[in-house]
Every structure is written in structure tokens, then in C-alpha cells.
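Input: a single structure, listed below in C-alpha cells.
The structure presented is a predicted model; accordingly, all values stated were derived computationally and were not measured. Index from 1, following the sequence.
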Amino acid sequence: NVAKATGGQKPKLGIDAVAGRATRRLADCLDDGSTIVNYGMLSGNPCEINPEQVVFQDMTLRGFWLAKYAGAMSREKMQELYSFLGLCVANGTVNAPVETTYTLDKIEAALEHAAREGRRGKILLTPNGDPSAD
């Protein structure tokens, strides 16, 4: 529950990789004057947002495509960004939990697992074998 997680404060920014109805549900959680940034279409459907949210709540829906953004960056800015991201990973600010790993011979099982709803982390392929076997 967003209200519980934020102490009743409505966020001003929503980040959406799913699109479809998920965009509308995300907008339902946001404050007036908020922005939703969509960067994906995992649902396979276009973003949905109510006209009332756009008109009366002054919400904005923006798109973001990393390839376009990164392609316009200078080499120096790109190195600066990756240095910053590296620090964020190192200090734990940014993380991507891994639910499980599969060796390449189990790729079909990995794809099935990755398609499941309710996962709690990434599904990784380990092309050089099981890392825990070392």
C-alpha cells in the first residue's frame, strides 16, 4: 500500500515499466501535479490514464528511452554517470535482488520462471556454470 509506505504522503513521481492499466493504478497513488515517467510496455498495452487525472489533477505522462538519452551524452558525461551508478551499487543505494540462477542448459526453465508473476528478484543465466559450485 503506497499510503502506508509513504506515511500518507502522496508521491510526486511515478516510474512505470508496465504500461496498460498499471499506469492508471500508479496515477491513482500520486499527488496533484505529479509526473509519471514510462519507460516500458511489459503489459503489451498502451499507457492508460484518466482524463480527470490529466485535466483536474494536472498529471503529466512522459516517456523515457535510455538509448536516445545515452546516445546524446558525451563520452565524459557517460563515464561520469557510470561512475556515479557504480558508487550507488557499491554503497547499496541501488540494488537488483536475484531470485535465482539457471545454467544455460536450463534456459527453458529460466524463461518460464522469469514469466511468473509475483517474483521477488531477477532470474539470471550463468553461462559458465553454477557459481555456488566453486
>> If I take atom CG from residue L125 and atom CG from residue D105, how far apart are they, to the nearest 0.5 angstrom?
In response: 10.5 Å
> Can you tell me if S34 uses its side chain to pair, donor with acceptor, with the backbone of P11 under 3.5 Å?
Replying inline: yes
> Around E52, counting heavy atoms of other residues, nucleotides and ligands shown, do more than 12 lie under 6.0 Å from its CD?
Replying inline: yes
> Do Q53 and D28 have side-chain atoms, one donor and one acceptor, less than 3.5 Å apart?
Replying inline: yes
>> Using the rule that Ile, Leu, Val, Met, Phe, Trp and Tyr join whenever any side-chain heavy atoms are under 4.5 Å apart, tell me whether I15 and I36 fall into a single cluster.
In response: no
> side chain to side chain donor-acceptor pair (under 3.5 Å) with T93: which residues, sequence neighbours excluded?
Replying inline: N91
>> If you define the side chain from C-beta out and look only at heavy atoms, does anything of D58 sit under 4.5 Å from D32?
In response: no
> Do Y82 and L66 sit in the same hydrophobic cluster, where Ile, Leu, Val, Met, Phe, Trp and Tyr count as joined when their side-chain heavy atoms come under 4.5 Å apart?
Replying inline: yes
> Is any side-chain heavy atom of N45 closer than 4.5 Å to a side-chain heavy atom of R21?
Replying inline: no
> Would a hydrophobic clustering, with Ile, Leu, Val, Met, Phe, Trp and Tyr connected at side-chain separations under 4.5 Å, put V37 with L30?
Replying inline: no
>> Using 0.5 Å steps for rounding, measure from the CZ atom of R24 to the CG atom of D16.
In response: 12.0 Å
> Counting only heavy atoms not in K77, do more than 12 fall under 6.0 Å of its NZ?
Replying inline: no
>> Starting from W65, can I reach L42 by hopping between I/L/V/M/F/W/Y residues whose side chains sit under 4.5 Å apart?
In response: no
>> Checking the side chain of R119 only, and the main-chain atoms of A114 only, is there a donor and an acceptor separated by less than 3.5 Å?
In response: yes
> In terms of hydrophobic clustering (I, L, V, M, F, W, Y; side-chain heavy atoms under 4.5 Å; direct or indirect links), are V2 and L13 co-clustered?
Replying inline: no
> If you round to the nearest 0.5 Å, how far is CD of Q79 from CE of M73?
Replying inline: 10.5 Å
>> So T23 and V18, do their side chains get closer than 4.5 Å, heavy atoms only?
In response: no
> Who pairs with E80 by side chain to side chain donor-acceptor pair (under 3.5 Å), at least two apart in sequence or on another chain?
Replying inline: none
> From F64 CZ over to N38 CG, what is the distance, rounded to the nearest 0.5 angstrom?
Replying inline: 11.5 Å
> For the residue pair Y102 and H113, does the interplanar ring angle fall in the parallel (under 30°), tilted (30 to 60°) or perpendicular (over 60°) class?
Replying inline: perpendicular
>> Tell me the closest heavy-atom pair linking E99 and G121, and the distance in Å.
In response: OE1-N, 3.5 Å
> Which value, rounded to the nearest 0.5 Å, describes the distance between L104 atom CG and T126 atom OG1?
Replying inline: 7.0 Å
> Taking all non-hydrogen atoms of both residues, which atom of L61 and which atom of C47 are closest, and how far apart?
Replying inline: CD2-CB, 3.8 Å
> Using links of under 4.5 Å between side-chain heavy atoms of ILVMFWY residues, direct or through other members, which residues join V94 in one cluster?
Replying inline: V89
> Do you know the tightest heavy-atom contact between M59 and A27?
Replying inline: CE-O, 3.1 Å
